[in-house]
Protein chains: 2
Amino acid sequence: MELGDRKKKILQLIIESYIETAEPVGSRYIAKKNDLSLSPATIRNEMADLEEMGYLEQPHTSAGRVPSQAGYRFYVDQLMERYFMTMADMERVNQALKLQTEEIDKIISRVCQVMSDVTDFTTVAVTPKHDKSRIKKLDLVMIDAHSFLAVIVTDSAVVKNKLFRTSGTIDERTLKLFSGILNQTLANISIGSITFDMINSLKKAMPEYANELVPVLNFVHEVVTQLDQSNLYMRGANNILKYPEFADLDKARSFIEFLEDGEAVGEIIKSVPEGVEQTSIIIGSENKNPHMQGSSLILRTYKIDDSAYGCLGLIGPIRMDYRKAVSDIEYFGSRLSQLFEEIFHGGES
Amino acid sequence: MELGDRKKKILQLIIESYIETAEPVGSRYIAKKNDLSLSPATIRNEMADLEEMGYLEQPHTSAGRVPSQAGYRFYVDQLMERYFMTMADMERVNQALKLQTEEIDKIISRVCQVMSDVTDFTTVAVTPKHDKSRIKKLDLVMIDAHSFLAVIVTDSAVVKNKLFRTSGTIDERTLKLFSGILNQTLANISIGSITFDMINSLKKAMPEYANELVPVLNFVHEVVTQLDQSNLYMRGANNILKYPEFADLDKARSFIEFLEDGEAVGEIIKSVPEGVEQTSIIIGSENKNPHMQGSSLILRTYKIDDSAYGCLGLIGPIRMDYRKAVSDIEYFGSRLSQLFEEIFHGGES
DNA sequence: GTTAGCACTCAGGGAAAGCGAGTGCTAACA
DNA sequence: TGTTAGCACTCGCTTTCCCTGAGTGCTAAC
């Protein structure tokens, strides 16, 4: 059965009113608040139809109607209009994103916080995996006769380092020799394709320097493993307590606990297709993870460079303001992509 | 008025029972549960005395007694016995602290999480300021003809780095020259004493290299500022929801919000005297910050090296198990100090 | 100094009653 | 045929009232 324009309008009004007030919506309310020039009785008939079609539900006989999950889905797919962020909010975001740092993790963590402040939702963000980037340079810098620093720089501008203390003394020449060999083998290969075996065979190749070299190779392995993973940030967990849906303390607590466990949340976010900047809306039981089935999740990918995409997320009750959430997250996503564009391709710094 | 042994014993029993059950404690209960060989009536007399002295309170006439803040204070100062962690818990902590990394921030963040898991409290941790450490080496590593990496290493083994893209091409010799000058001026001075003026005069000293050098000097300034601050970690905010004291959602929410705001919490923790490994207990309104006055805070300093101390904290309701909290945090603190001792003075790595 | 006995207090829980928002159905109307 | 007024009905919420029971303070006896 196709939905007529009037039914669509009524459904939209009900959903938006419910989103705002969290109260079941009655026919009288719809008739009065909006100039549909229809009587409550007529609205009631339409509402009964919408319920039959599965878009609305009734908590109990004498209450108004509440959107069903299918209702929300229809709403976000077909009814939802674009929301425009106020200039004030945009300005606020832009101010907050004026950072001195270029460290990806710091930036993402900050965005996560600002987004939580602005949207009043719980926000999550994952930094991209760097499995497709390459080691550009591996250098060993002498600090003093008993210690040196290993530095790894990737073409995606990630730098990792570690200090080493040596058992004997060490000189610049030996370090140069080491770094030459390491660079030859490991540079310009994508991180994802550096294997444990590769590193192991390097270890065996130079038994005379094993004492100093093995720790460095372990470090390389550690870095490669690290870059192959993404970090997760979460902020504003307290925000979910603002919604009456989480008035039950136990429910709220176990949900926050779930959110604090990065692994699980990361798992969910990984399901988002990489490589395109897009927004996904996952409503209630559309979530695979049972903990999330009482909530909705809005995800938005952002781009660091062609080989690295990260993801932002907003978590709220199923009755969340999808209109605002979507436009907010899209603004953050685009600002973030833009920010990285400036940092990595914006000429010298 | 001096407290007799019997009064002390009764006060202790009341406090420990209240900590356990969160229910006001009646005279009958104390008489039955413990073999004081006293009748409820006698206990009542003693309780009335303790109330008069300000150690106990009565929520209402027909309820039992509840410890007052002064009661808790007396308890932690004079009555509390040592609690011994179970071997199982210790083992669990030790397992969780087996980390591959030597990055201070990662370690602290991890400890914070484990501590929250083990203790069921909200935990905070601050990393030390490094204002007393010195720049040991400042190196510029050439990456390719258009970019180089600046690396700063301090004597407290902190490494910071940043990539620079240059407008023109650059060669190793120029970088050597730069790093020579920078090292000469900035190395072996304590971070806290490197001033903005100092950096500014360096900028002016070499106008011909301004293009490349100024960004590096800005970076130095940034690093110095960063090292002068401490980072704060917080975990297990959801844990406070486990306590009936926070059953009021609004209260709980605003408290979690307060905790998520690092600044404010950092401010509180800074009040702890540095330089000694010790435990402080701050009960309810002894906290200066009004948000904290409904909670108690246990703080414990830990040592990274002679010039750098950090701090761990447990946050719970005033009715918290001080006995367990104190011994838990002390175990964590000592393990942490020990860990850093191994990392920084344990010979080669 | 300790204890038994007793009257008194008061928060919390449960039942009962009343309220009111909202419905579905029917019949009349355009 | 779609719309609307009217009306009886449903049912969750709130308020009120009462009762219960844990716990107290006081008094008098041991």
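The sequence lines fix the lettering, A, B, ..., with proteins before strands; numbering per chain opens at 1.
Under the side chain to side chain contact (heavy atoms under 4.5 Å, CB included) criterion, A/Thr21 pairs with A/Ser17, A/Glu23, not counting sequence neighbours. With sequence neighbours left out, the ring-ring contact (aromatic ring centres under 6.0 Å, His included) criterion links A/Phe332 to no other residue. B/Tyr18 meets the side chain to side chain donor-acceptor pair (under 3.5 Å) test with no other residue; sequence neighbours excluded. Not counting sequence neighbours, the partners of B/Arg28 by the side chain to side chain contact (heavy atoms under 4.5 Å, CB included) test are B/Lys32, B/Pro40. When the side chain to side chain contact (heavy atoms under 4.5 Å, CB included) test is applied to A/Ser285, the partners found at least two apart in sequence or on another chain are A/Gln69, A/Gln293. In this structure, the side chain to side chain contact (heavy atoms under 4.5 Å, CB included) partners of A/Ala41, at least two apart in sequence or on a different chain, are A/Ser39, A/Arg44.
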*Applying side-chain hydrogen bond (donor to acceptor under 3.5 Å, both in side chains), run through B/Asn238 and A/Glu260 and close with a yes or a no.*
CA-CA 9 Å; B/Asn238 70 75; A/Glu260 274 195 345; 3.0 Å; yes
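In this entry the distance linking CG of A/Leu50 with P of C/dG24 reads 12 Å, nearest Å. In this structure, the CG atom of A/Asn45 is 12 Å from the P atom of C/dT26, given to the nearest Å. When rounded to the nearest whole Å, the span between CD1 of B/Ile14 and P of D/dG23 equals 12 Å.
Residues A/Glu57 and A/Ser68 bring no donor and acceptor atom of their side chains to less than 3.5 Å of each other. A donor and an acceptor atom, one from each side chain of A/Tyr233 and A/Gln113, are nowhere located under 3.5 Å apart. Between the side chains of A/Arg235 and A/Thr123, no donor-acceptor pair is found at a separation under 3.5 Å.
Taking the six-membered ring for Trp and thresholds of 30 and 60 degrees, B/Tyr322 and B/Tyr72 have ring planes inclined between 30 and 60 degrees apart. Ring planes of A/Phe74 and A/Tyr55: tilted class, angle from 30 to 60°.
A heavy-atom distance below 4.5 Å is found between the side chains of B/Met320 and B/Ile298.
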Shorter than 3.5 Å, N or O on both sides, protein versus nucleotides 17-20 of chain D: list them out with atom names.
none

Are any protein N/O atoms closer than 3.5 Å to N/O atoms in nucleotides 28-30 of chain D? If there are, list each pair with its distance.
none

Just the atom pairs and distances: protein N or O near nucleotides 6-9 of chain D's N or O, under 3.5 Å.
{"residue": "D/dG6", "atom": "O6", "partner": "A/Arg44", "partner atom": "NH2", "Å": "3.4"}

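Shown are B/Asp49, B/Ile43, B/Asn45; of these, the side chain to side chain contact (heavy atoms under 4.5 Å, CB included) with B/Met47 is made only by B/Ile43.
Remark on DNA chain C: of its neighbouring residues B/Glu46 and A/Ala48, the 5'-side contact belongs to B/Glu46, judged by nearest-heavy-atom nucleotide.
Using a 4.0 Å cut-off, no side-chain N or O of B/Ser39 falls inside it from OP1 or OP2 of C/dT2.
Base pairing in DNA chain D yields stems of at least 3 consecutive Watson-Crick or G-U pairs, both distances under 3.5 Å, namely C:1-30 with D:1-30.
Less than 4.0 Å separates DNA chain C from at least one heavy atom of each of the following residues of residues 58-70 of chain B: B/His60, B/Thr61, B/Ser62.
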For residues 80-92 of chain B, dump all side-chain donor-acceptor pairs below 3.5 Å to protein atoms at least two apart in sequence or in another chain.
{"residue": "B/Glu81", "atom": "OE2", "partner": "B/Gln12", "partner atom": "NE2", "Å": "3.3"}
{"residue": "B/Thr86", "atom": "OG1", "partner": "B/Asp89", "partner atom": "N", "Å": "3.0"}
{"residue": "B/Glu91", "atom": "OE2", "partner": "B/Gln95", "partner atom": "NE2", "Å": "3.1"}

